[in-house]
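Read through the structure below, which is laid out as structure tokens, and then see the notes.
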Amino acid sequence: MKRRFYKIILTLSLILAFTSCSNGSNQTEEVSVSSVEDLLENIDKSKPSNEENIDQAPELTDDRKDDAKDKWENSLAKAKKKEEEERKKLPKFEENPSRDGEDETEESKEVRVKFFGDTMAHLGQIQYAYNYGGGSYDFTNQFSYISDFVADADLAITNYETTTNPNRAYTGYPKFNTPPTYLDAIKEAGFDVVTTANNHALDTDEQGLFTTIDAIEESGLDFVGSFRDETERILYKDLGDLRLAILSYTYGANGVYDLLSLREEVPNLNYLKEDTIKADIKMAKSKGADFVIIYPHWGIEYQSYPSNEVIELSKNMIEWGADIIIGNHPHVVQPIDTYKASDGREGLIAYALGNFVSIQSLEMNGDIRVEQNISIEVSLKNFEDGAKITGIDIHPLWVGSNYDDYGQSIKTYLCEDFLEGGKYYDQVDEYQRERIRKAYEMSLETVREEVL
């Protein structure tokens, strides 16, 4: 009994000591998250290792040991006294009173959202999935190295740059049409939301726009960018005490209907129109959105720097109330920037994340950038003075290919997993690792480029 009492005292002392330390550090962290620009500038700064701290620790002499022992015994005595005082305050009839019925607000939970680029489906990918699945179109192999990373998020989003229309043949570029099992594999990989406003949304015409929506819902994913009725224009996701509003728009849908006639805009696809975007942001705010996230499909293909029109529009969207902008379409990585609106809010802008999954490569396209892409991990949290971005992490990715018994195997690699110290280091050869290292270095260099 006596030993148990001392264990209780020891535990209470440790808890008090830990609480004292953690309260101070948390306050410092909360102050430091006020600037999105500061978070972005510090994403690659390393922390000192435990080994360095150990090497610098002074050696304990006998006098220091005796002094430490005295301080420890004093802390135990103080803890015992504090415990007795706290115990006297408890109701006599109940040692641990029930909290049922109390109006107590729990501390806001931090939410992590991971953003990804264009998820493509070229013909080689479809052919491989058919062979790999024995005729059932199994796309899961594409995500075998990345699914753990995707699933380790409260919300994961990618752009679904193809259609799914069972009434048409399955094809790749220039008119994409992919089996519904692709969406099943995307869901199984850990994704929650796909955006559908892109220039390939009408590759199988208006019918394909609606059959794609049906297939997405059948897979268990959410979608935004195309819609059956106006109630689906904005996607709301409630995560803890945070409400996220997700919007998606495209500059167009490959304006040629056939070789002779231009395609007219269809009413069930979101286009990059300023009045529409402003109205949607206003609506999202009126519905209680803490963060407005926009996935615009814009820019010039294979350009590593955004156009002036895109830069101007991105700043306007922040002014109108958007908080995070995740651009796509160029098929290569572009810079990441921040913009401070006139009302003091600071928004995060990623102009293009590149191809998350694609058959494009240095060998296929003569351009190594098309096999490089990034994922952005953003941490969000509610504070007394409003919701804020509390963390930003940039994760370079690489899309590589090998040939096996089923054809050309396309897989997405989280670069850090395959470089020195990575958990999959031994899963690639030196040639692949060099390409992965190139993707890592080039992507980080590009995202840090200043946007004027």
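As a basis for the values below, the full set of heavy atoms in this structure was taken, side chains included, without hydrogen atoms, waters or symmetry mates. Position 1 is the first residue of the sequence, and the numbers go up from there.
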Quick one: closest heavy-atom pair of [X] and [Y], and the distance?
X	Y	result
W398	C415	N-SG, 4.0 Å
A439	L397	CB-O, 4.0 Å
F356	T158	CD2-OG1, 4.1 Å
G124	I359	CA-CD1, 3.7 Å
L414	F418	O-CD1, 3.2 Å
Y305	V451	OH-CA, 3.5 Å

Just jot down the ring pair (Phe, Tyr, Trp, His ring centres under 6.0 Å) partners of [X], sequence neighbours excluded, or say none.
X	result
F291	none
Y251	H329
F115	none

Under 6.0 Å from the [atom1] atom of [X], do we count more than 12 heavy atoms belonging to anything else shown?
X	atom1	answer
M442	CE	yes
K340	NZ	no
E110	CD	yes
K438	NZ	no
Y440	OH	no
E301	CD	yes
E218	CD	no

Any side-chain to backbone donor/acceptor pair from [X] onto [Y]? Under 3.5 Å, distance only.
X	Y	answer
D429	Q432	yes
D367	R369	yes
D229	T231	yes
Q334	A350	no
T412	I146	no
N177	A169	yes
S361	M364	yes
T163	F176	yes
W298	P330	no
E371	L362	yes

Residues [X] and [Y]: side-chain donor-acceptor under 3.5 angstrom:
X	Y	answer
Y128	D404	yes
E161	H297	yes
S409	N402	no
D405	Y132	no
T212	T164	no
Q207	N165	yes
N270	R233	yes
N159	N198	yes
N355	H331	yes
S379	T390	no
Y271	T250	no
S108	D241	yes
Q142	Q125	yes
D118	S358	no

Report task. Dump the intermediate steps for side-chain contact (heavy atoms from CB on, under 4.5 Å) on I325 and I318, then the final yes or no. Result -> CA-CA 8 Å; I325 298 172; I318 300 296; 3.8 Å; yes
Report task. Could you note down all residue pairs passing salt bridge (Lys or Arg N to Asp or Glu O under 4.0 Å) where residues 316-337 supplies at least one of them, sequence neighbours left out? Result -> K285-D323, D323-R345
**Report entry** Aromatic plane relationship, Y160 with Y182 - under 30° parallel, 30 to 60° tilted, over 60° perpendicular
**Finding:** tilted
**Report entry** Mutual orientation of the aromatic rings belonging to Y424 and Y145 [parallel < 30°, tilted 30-60°, perpendicular > 60°]
**Finding:** tilted
Report task. Please find out if less than 6.0 Å separates the ring center of F191 from that of F116. Result -> yes
Query raised in the report: Under the salt bridge (charged side-chain N to carboxylate O under 4.0 Å, His left out) test, which residues partner D138, sequence neighbours left out?
Result: none
May I ask you to say whether [X] pairs ionically with [Y], meaning some side-chain N is under 4.0 Å from a carboxylate O?
X	Y	value
D238	R243	yes
E346	K388	no
R228	E217	yes
R435	E363	yes

Rounded to the nearest 0.5 Å, what's the gap from [atom1] on [X] to [atom2] on [Y]? Could you check?
X	Y	atom1	atom2	value
I389	L380	CD1	CG	6.0 Å
Y249	I277	OH	CD1	5.5 Å
N254	L202	CG	CG	8.5 Å
Q360	M120	CD	CE	6.5 Å
E188	L183	CD	CG	12.5 Å
N308	L452	CG	CG	9.5 Å

Query raised in the report: Out of L444, N373, V447, T446, which residue meets the side-chain contact (heavy atoms from CB on, under 4.5 Å) rule with P396?
Result: L444
Report task. Begin with the C-alpha distance, continue with both residues' side-chain angles, and end with the deciding distance and a verdict on side-chain hydrogen bond (donor to acceptor under 3.5 Å, both in side chains) for N365 and Y302. Result -> CA-CA 11 Å; N365 299 72; Y302 312 111; 4.7 Å; no
Show the atom names and distances, to 0.1 Å, of all donor-acceptor pairs under 3.5 Å that link a side chain in residues 147-157 to residues at least two apart or in another chain.
residue, atom, partner, partner atom, Å
S147, OG, F143, O, 3.4
D152, OD1, R112, NH2, 3.0
D154, OD2, R112, N, 2.8

